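Take a look at the structure set out below.
As the structure is a prediction and not an experimental result, all values here were calculated from the model.
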Amino acid sequence: MSGSFTHDFNGAEAQQDAFEPIPAGTLAKVRLTIRPGGVGPEGWVTQSRTSEAQYLNTEAVIVEGPHARRRVFTRIGLRGKGGQGDDTYANRGRALIRGILESARGIASKDSSDRARAARTIRGYGDLNGMEFLARIGVEKDRDDPRGPGRNVIATAIGPEHADYARLMGAAPAQPMPVGPAAPATGGTAPPWAAAQPAQPPAAAGNAPFWAR
(Lines give C-alpha, C1' and ligand atoms only; values in the text may rest on other atoms or scores of the structure.)
Protein backbone atom coordinates (compact mmCIF):
# COMPACT_ATOMS: atom_id res chain seq x y z
CA MET A 1 0.00 0.00 0.00
CA SER A 2 1.57 3.28 -1.09
CA GLY A 3 1.38 6.40 1.04
CA SER A 4 0.94 10.02 0.01
CA PHE A 5 4.05 11.34 1.81
CA THR A 6 7.51 11.73 0.32
CA HIS A 7 11.08 11.38 1.59
CA ASP A 8 13.41 14.12 0.35
CA PHE A 9 17.08 13.04 0.19
CA ASN A 10 18.41 16.17 -1.52
CA GLY A 11 20.03 17.25 1.75
CA ALA A 12 21.84 13.94 2.26
CA GLU A 13 25.59 13.80 1.70
CA ALA A 14 26.77 12.49 -1.65
CA GLN A 15 28.24 9.03 -1.23
CA GLN A 16 31.78 10.12 -2.05
CA ASP A 17 31.52 12.86 0.60
CA ALA A 18 29.96 10.59 3.20
CA PHE A 19 32.67 7.92 3.05
CA GLU A 20 35.88 9.71 2.09
CA PRO A 21 37.94 10.86 5.10
CA ILE A 22 38.25 14.59 5.67
CA PRO A 23 41.73 15.63 4.45
CA ALA A 24 44.41 15.44 7.15
CA GLY A 25 45.31 18.84 8.56
CA THR A 26 41.83 20.32 8.16
CA LEU A 27 40.89 22.75 10.95
CA ALA A 28 37.30 22.62 12.20
CA LYS A 29 35.29 23.80 15.17
CA VAL A 30 33.88 20.72 16.89
CA ARG A 31 31.60 19.81 19.80
CA LEU A 32 32.83 16.90 21.90
CA THR A 33 30.63 14.17 23.31
CA ILE A 34 31.86 11.38 25.59
CA ARG A 35 30.21 7.99 25.34
CA PRO A 36 30.16 6.71 28.94
CA GLY A 37 31.86 3.34 29.38
CA GLY A 38 30.69 2.75 32.94
CA VAL A 39 34.19 2.67 34.50
CA GLY A 40 35.47 4.97 37.22
CA PRO A 41 33.66 6.96 39.91
CA GLU A 42 31.73 9.00 37.31
CA GLY A 43 31.28 6.26 34.73
CA TRP A 44 32.83 8.17 31.81
CA VAL A 45 35.84 5.87 31.30
CA THR A 46 35.84 2.87 28.95
CA GLN A 47 37.89 -0.25 29.69
CA SER A 48 39.55 -2.09 26.82
CA ARG A 49 38.26 -5.62 26.32
CA THR A 50 41.70 -6.96 25.42
CA SER A 51 44.13 -5.18 27.79
CA GLU A 52 44.43 -2.95 30.84
CA ALA A 53 44.11 0.15 28.66
CA GLN A 54 41.45 2.72 29.55
CA TYR A 55 40.25 5.64 27.49
CA LEU A 56 37.50 8.19 26.86
CA ASN A 57 35.38 7.08 23.92
CA THR A 58 34.61 10.39 22.20
CA GLU A 59 32.61 11.63 19.26
CA ALA A 60 33.26 15.12 17.88
CA VAL A 61 30.66 16.71 15.62
CA ILE A 62 31.91 19.42 13.28
CA VAL A 63 29.83 22.48 14.08
CA GLU A 64 30.14 24.52 10.89
CA GLY A 65 31.99 24.90 7.62
CA PRO A 66 32.24 22.64 4.56
CA HIS A 67 32.31 19.48 6.71
CA ALA A 68 29.51 20.49 9.08
CA ARG A 69 27.71 17.60 10.81
CA ARG A 70 30.48 15.12 9.99
CA ARG A 71 31.47 13.03 13.02
CA VAL A 72 34.99 12.21 14.14
CA PHE A 73 35.54 9.35 16.60
CA THR A 74 38.62 9.43 18.83
CA ARG A 75 39.78 7.42 21.83
CA ILE A 76 41.57 9.65 24.33
CA GLY A 77 43.99 7.46 26.27
CA LEU A 78 43.98 7.50 30.05
CA ARG A 79 45.96 4.34 30.80
CA GLY A 80 48.12 2.17 28.58
CA LYS A 81 48.16 -1.58 28.18
CA GLY A 82 50.72 -2.09 30.92
CA GLY A 83 49.55 0.73 33.18
CA GLN A 84 53.03 1.19 34.63
CA GLY A 85 56.22 3.11 33.88
CA ASP A 86 56.33 5.65 31.05
CA ASP A 87 52.77 5.41 29.77
CA THR A 88 52.96 6.96 26.30
CA TYR A 89 49.30 6.24 25.57
CA ALA A 90 48.15 8.07 28.71
CA ASN A 91 50.64 10.91 28.19
CA ARG A 92 49.28 11.57 24.71
CA GLY A 93 45.76 11.53 26.10
CA ARG A 94 46.61 14.01 28.86
CA ALA A 95 48.27 16.29 26.31
CA LEU A 96 45.15 16.22 24.12
CA ILE A 97 42.87 16.97 27.08
CA ARG A 98 45.08 19.92 28.01
CA GLY A 99 44.86 21.16 24.42
CA ILE A 100 41.07 20.82 24.41
CA LEU A 101 40.78 22.86 27.60
CA GLU A 102 43.11 25.56 26.26
CA SER A 103 41.24 25.74 22.96
CA ALA A 104 37.77 25.76 24.53
CA ARG A 105 38.72 28.36 27.17
CA GLY A 106 40.99 30.55 25.07
CA ILE A 107 44.18 29.87 27.03
CA ALA A 108 47.63 30.08 25.42
CA SER A 109 49.78 27.00 25.93
CA LYS A 110 52.63 29.10 27.35
CA ASP A 111 50.39 30.97 29.80
CA SER A 112 51.40 29.95 33.32
CA SER A 113 49.24 32.44 35.22
CA ASP A 114 46.96 31.28 38.02
CA ARG A 115 43.96 31.84 35.76
CA ALA A 116 45.46 29.65 33.02
CA ARG A 117 46.42 26.91 35.47
CA ALA A 118 42.86 26.90 36.81
CA ALA A 119 41.47 26.74 33.25
CA ARG A 120 43.41 23.53 32.69
CA THR A 121 41.77 21.95 35.73
CA ILE A 122 38.55 19.93 35.65
CA ARG A 123 36.59 18.32 38.45
CA GLY A 124 35.77 15.25 36.40
CA TYR A 125 35.85 13.96 32.84
CA GLY A 126 32.21 14.99 32.51
CA ASP A 127 33.39 18.62 32.30
CA LEU A 128 34.74 17.81 28.83
CA ASN A 129 31.35 16.59 27.62
CA GLY A 130 29.85 19.20 25.31
CA MET A 131 32.96 21.38 25.01
CA GLU A 132 33.49 23.21 21.74
CA PHE A 133 37.05 23.68 20.51
CA LEU A 134 39.13 24.05 17.37
CA ALA A 135 40.48 20.71 16.18
CA ARG A 136 43.03 19.65 13.63
CA ILE A 137 41.63 16.59 11.89
CA GLY A 138 43.95 13.67 11.24
CA VAL A 139 43.66 10.40 9.34
CA GLU A 140 44.49 7.15 11.13
CA LYS A 141 45.29 4.14 8.99
CA ASP A 142 43.81 0.74 9.74
CA ARG A 143 46.64 -1.60 10.80
CA ASP A 144 44.83 -4.47 9.12
CA ASP A 145 44.34 -2.47 5.91
CA PRO A 146 47.19 0.05 5.64
CA ARG A 147 46.38 0.77 1.99
CA GLY A 148 42.81 1.72 2.79
CA PRO A 149 41.56 5.30 3.19
CA GLY A 150 41.72 5.14 6.99
CA ARG A 151 39.45 7.05 9.33
CA ASN A 152 39.36 10.52 10.78
CA VAL A 153 40.48 11.27 14.33
CA ILE A 154 41.18 14.42 16.34
CA ALA A 155 44.93 14.86 15.88
CA THR A 156 45.36 17.95 18.07
CA ALA A 157 43.38 20.77 19.64
CA ILE A 158 44.30 24.25 18.39
CA GLY A 159 44.72 27.13 20.84
CA PRO A 160 44.43 30.92 20.50
CA GLU A 161 48.05 31.28 19.31
CA HIS A 162 47.02 29.94 15.88
CA ALA A 163 46.36 32.60 13.23
CA ASP A 164 42.99 31.05 12.28
CA TYR A 165 41.73 30.45 15.82
CA ALA A 166 39.60 33.60 16.20
CA ARG A 167 38.15 33.32 12.69
CA LEU A 168 37.13 29.68 13.04
CA MET A 169 36.03 29.74 16.67
CA GLY A 170 34.10 33.00 16.54
CA ALA A 171 32.74 34.08 19.91
CA ALA A 172 34.01 32.11 22.88
CA PRO A 173 31.59 29.17 23.29
CA ALA A 174 29.70 28.71 26.53
CA GLN A 175 30.40 25.30 28.01
CA PRO A 176 27.15 23.44 28.79
CA MET A 177 26.54 21.56 31.98
CA PRO A 178 27.78 17.97 31.70
CA VAL A 179 25.07 15.37 31.15
CA GLY A 180 25.10 11.72 32.02
CA PRO A 181 26.56 9.92 34.99
CA ALA A 182 28.67 12.84 36.21
CA ALA A 183 26.04 15.59 36.10
CA PRO A 184 26.47 17.69 39.27
CA ALA A 185 23.67 18.73 41.53
CA THR A 186 22.29 22.24 41.19
CA GLY A 187 23.34 25.01 43.51
CA GLY A 188 26.68 25.71 45.12
CA THR A 189 29.62 27.49 43.52
CA ALA A 190 29.89 28.04 39.80
CA PRO A 191 31.40 24.98 38.04
CA PRO A 192 34.59 25.23 35.97
CA TRP A 193 32.78 24.89 32.65
CA ALA A 194 30.59 27.95 33.27
CA ALA A 195 31.65 30.68 30.84
CA ALA A 196 31.27 34.37 31.51
CA GLN A 197 28.29 35.71 29.59
CA PRO A 198 28.91 38.65 27.23
CA ALA A 199 27.16 42.00 27.52
CA GLN A 200 26.45 41.54 31.20
CA PRO A 201 27.82 43.50 34.16
CA PRO A 202 30.83 41.77 35.70
CA ALA A 203 29.97 39.40 38.48
CA ALA A 204 31.57 39.46 41.88
CA ALA A 205 34.76 37.44 42.08
CA GLY A 206 33.09 34.79 44.22
CA ASN A 207 30.50 34.07 41.49
CA ALA A 208 32.87 33.80 38.52
CA PRO A 209 34.02 30.38 37.26
CA PHE A 210 37.11 29.36 39.21
CA TRP A 211 39.29 29.20 36.09
CA ALA A 212 38.27 32.72 34.99
CA ARG A 213 39.15 34.53 38.21
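The hydrophobic clustering, which links ILVMFWY residues whose side-chain heavy atoms are closer than 4.5 Å, places Ile62 and Val139 apart. Under the 4.5 Å side-chain heavy-atom criterion for ILVMFWY residues, no single connected hydrophobic cluster contains both Leu134 and Val63. Both Ile158 and Leu168 are part of a single hydrophobic cluster, where members link through side-chain heavy atoms under 4.5 Å apart. Cluster annotation: Leu27 and Tyr165 are assigned to the same hydrophobic cluster (Ile/Leu/Val/Met/Phe/Trp/Tyr, side-chain heavy-atom contacts under 4.5 Å, transitive).
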Show, in sequence, the C-alpha distance, side-chain angles and deciding distance for Ile137 and His67, and conclude whether the side chain to side chain contact (heavy atoms under 4.5 Å, CB included) test is met.
CA-CA 11 Å; Ile137 308 299; His67 303 290; over 6 Å; no
Can you check side chain to side chain contact (heavy atoms under 4.5 Å, CB included) on Asp127 and Glu42, steps first, answer last?
CA-CA 11 Å; Asp127 287 356; Glu42 300 172 331; over 6 Å; no
Stepwise side chain to side chain contact (heavy atoms under 4.5 Å, CB included) test for Leu101 and Ile107
CA-CA 8 Å; Leu101 292 171; Ile107 301 296; over 6 Å; no
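A salt bridge (Lys or Arg N to Asp or Glu O under 4.0 Å) check over residues 150-161, counting only residues at least two apart or in different chains, returns the pairs Glu140-Arg151.
Distance CD1/Ile154 to CG/Leu32: 7.5 Å, rounded to 0.5 Å. Rounding to the nearest 0.5 Å gives a distance of 9.0 Å between CD of Glu64 and CE of Met169. Ser109 contributes atom OG, which lies 12.5 Å from atom NE2 of His162 (distance to the nearest 0.5 angstrom). Distance OG/Ser51 to OH/Tyr89: 8.0 Å, rounded to 0.5 Å. Here the straight-line distance linking atom OG1 of Thr33 with atom CZ of Phe73 works out to 10.0 Å at 0.5 Å rounding. For the atom pair CZ of Arg120 and CZ of Arg115, the computed distance is 10.5 Å after rounding to the nearest 0.5 Å.
Counting heavy atoms from C-beta on, the side chains of Trp44 and Leu128 never come closer than 4.5 Å. Under the 4.5 Å side-chain criterion, counting only non-hydrogen atoms from C-beta, Arg94 is not in contact with Asp87. Residues Val30 and Val72 fail the side-chain proximity criterion, which asks for heavy atoms closer than 4.5 Å. Taking the side chain as every heavy atom from C-beta outward, Arg75 and Val153 never approach each other to under 4.5 Å. The side-chain heavy atoms of Thr88 and Arg92, taken from C-beta on, include a pair separated by under 4.5 Å.
Not a single donor-acceptor pair under 3.5 Å links the side chain of Arg105 to the backbone N or O of Ala116. Not one N or O on the side chain of Asn57 forms a donor-acceptor pair closer than 3.5 Å with the backbone of Arg35. A distance-only check finds a donor-acceptor pair linking the side chain of Thr58 to the backbone of Thr74 [under 3.5 Å].
Summarising the geometry of Pro149 relative to Pro21, their closest heavy-atom pair is O-CG, 3.5 Å, with the distance given to 0.1 Å. Taking both residues in full, the closest heavy atoms of Ala108 and Pro160 are given as N-CG, 3.8 Å, listed atom of the first, atom of the second, then distance. For the pair Ala157 and Phe133, the tightest heavy-atom approach, listed with the atom from each and the gap, is CB-CD1, 3.9 Å. Of all heavy-atom pairs between Pro36 and Ile34, the closest is CD-O, 3.2 Å.
In this structure Val45 satisfies the side chain to side chain contact (heavy atoms under 4.5 Å, CB included) test together with Val39, Gln54, Leu56, Leu78, Tyr125, sequence neighbours excluded. Residues satisfying the salt bridge (Lys or Arg N to Asp or Glu O under 4.0 Å) test with Asp8, not counting sequence neighbours, are none.
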